[in-house]
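Here is the naming used below: chain letters follow the sequence lines, and residue numbers restart at 1 for every chain. Just the heavy atoms: all of them, side chains too, but no hydrogens, waters or symmetry mates, feed the values below.
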Amino acid sequence: LLCWNSLLSSYAQAESILKVRDVFVRMPCRNIVSWNVLLHFYARIGDLERVREFFHSRIPEFDMASLTTMVAAFSQKGHLEEARSVFDSMPERDVVAWAVMFNGYSHNGYLEDAKRVFDLMPRHDILIHTTMLSAYAQYGYMLEARLVFERMPSRDIVVWNIAIAGYSQVGNLTFAKKMFSEMPEHLDTVSWNTMITAYAQNGHLNHGIAHFFMLQVEGIAPDEVTFMTILTACSRIGMLATGLECFMLMQRDHGLEPSKEHFNTMIDILSRAGELQNAKDLINSMPHSPN
RNA sequence: CUGCGUUACCU
């Protein structure tokens with residue numbers, strides 16, 4: 001059963017509907033976890049009708065994870081009243097349940113409601129504070145964000161990365177740079193990606209690209225997001241040679257598989273540079289279906 | 001074996 005559940009879970013992660021259904025019907029037996037994986041899968045692909053069916057049919061029975069998944073599903077689609085009613089129906093709520101309800105409000109910009117949920121929560125862990133910080137920063141409430149930041153019981157790398165992104169989003173590149181250089185935690189790939197984006201967002205695309213080359217010198221491993229950021233910058237600025245170099249680099253030196261988005265951006269770079277034949281060739285040779 | 005936090009593109 002554990003093996004079947006793992007298999008089901010990996011297909012659910014890969015979002016392949018046919019495989020998920022196939023495995024689910026072929027399993028010799030199922031437990032609550034199997035049902036939760038299936039439920040989570042429908043939540044992920046945004047099939048709210050299926051999620052509602054689950055809620056009303058109660059097959060086979062729910063635990064906290066099932067209900068929490070439903071709250072998340074409705075929140076992600078902006079159906080907060082429906083999410084709230086599932087949340088209110090829960091016989092008990094752990095940290096994750098509270099967090100998901102809180103995330104629902106904050107991600108949809110209902111910061112007042114989020115704050116109310118925050119005040120009702122029996123316990124506050126670092127994840128909740130982090131989400132709160134992120135929400136305030138994202139919506140430009142820098143004073144509130146600063147207050148949360150200062151009152152946090154502890155600050156890990158994620159918290160510092162949010163601070164950099166927050167300052168960048170309100171156009172304060174100086175503070176973003178200050179956070180980046182004064183961070184007490186060890187900088188990770190996300191920190192670098194965030195800083196590259198900070199330059200790009202504030203009109204310094206070339207600084208962003210320069211930063212990318214520094215990252216490699218520092219021995220940090222760039223990931224798919226790093227290359228997406230760089231390729232996007234190259235596309236906006238019209239840097240064909242650098243774009244091509246990065247596109248090769250990600251495969252040859254870093255063993256990363258370019259996603260459909262990477263290909264789309266590379267095709268965009270080639271087209272803008274007038275390399276229409278090469279752009280067409282890339283479309284025909286890529287391992288993704290063109291959109 | 002299943003449910004929460006930060007960075008890119010598209011929306």
Using a heavy-atom cut-off of under 4.0 Å over every strand shown, decide if [X] touches base, sugar-phosphate, or nothing.
X	value
Val96(A)	base
Arg44(A)	nothing
Val190(A)	base
Thr194(A)	sugar-phosphate
Met70(A)	nothing
Asp156(A)	base
Leu2(A)	base

[X] side chain, from C-beta outward: closest of [options]:
X	options	result
Leu127(A)	G3(B), U6(B), C4(B)	C4(B)
Ala65(A)	U6(B), A8(B), U2(B)	U2(B)
Val33(A)	G5(B), G3(B), U2(B)	U2(B)
Val225(A)	U2(B), A8(B), C9(B)	A8(B)
Arg236(A)	U2(B), G5(B), C10(B)	C10(B)
Ser6(A)	U2(B), C1(B), U6(B)	C1(B)
Thr229(A)	C1(B), G5(B), A8(B)	A8(B)

If I take atom [atom1] in residue [X] and atom [atom2] in nucleotide [N], what distance separates them, rounded to the nearest angstrom?
X	N	atom1	atom2	value
Asp223(A)	U6(B)	CG	C1'	13 Å
Tyr136(A)	U6(B)	OH	P	17 Å
Met228(A)	U7(B)	CE	P	16 Å
His40(A)	G3(B)	NE2	P	6 Å
Leu1(A)	C1(B)	CG	C1'	8 Å
Asn193(A)	C9(B)	CG	C1'	13 Å
Leu39(A)	C4(B)	CG	P	11 Å
Met27(A)	U2(B)	CE	P	13 Å

hbond_proxy [X] side chain to [N] base (donor-acceptor, 3.5 Å cutoff):
X	N	value
Asp94(A)	G3(B)	yes
Thr130(A)	G5(B)	yes
Thr69(A)	G3(B)	no
Asn161(A)	G5(B)	no

- Could you check Asn31(A) against Asn5(A) for side chain to side chain donor-acceptor pair (under 3.5 Å), going step by step and ending with a plain yes or no? CA-CA 9 Å; Asn31(A) 63 4; Asn5(A) 281 344; 3.2 Å; yes
Specify whether [X] and [Y] have parallel, tilted or perpendicular ring planes, treating 30° as the upper limit for parallel and 60° as the lower limit for perpendicular.
X	Y	result
Phe55(A)	Phe62(A)	parallel
His254(A)	Phe227(A)	tilted
Tyr141(A)	Tyr136(A)	perpendicular
His211(A)	Trp192(A)	tilted

- Message: Show, in sequence, the C-alpha distance, side-chain angles and deciding distance for Trp160(A) and Phe149(A), and conclude whether the ring-ring contact (aromatic ring centres under 6.0 Å, His included) test is met.
- Response: CA-CA 9 Å; Trp160(A) 287 95; Phe149(A) 184 85; 5.3 Å; yes
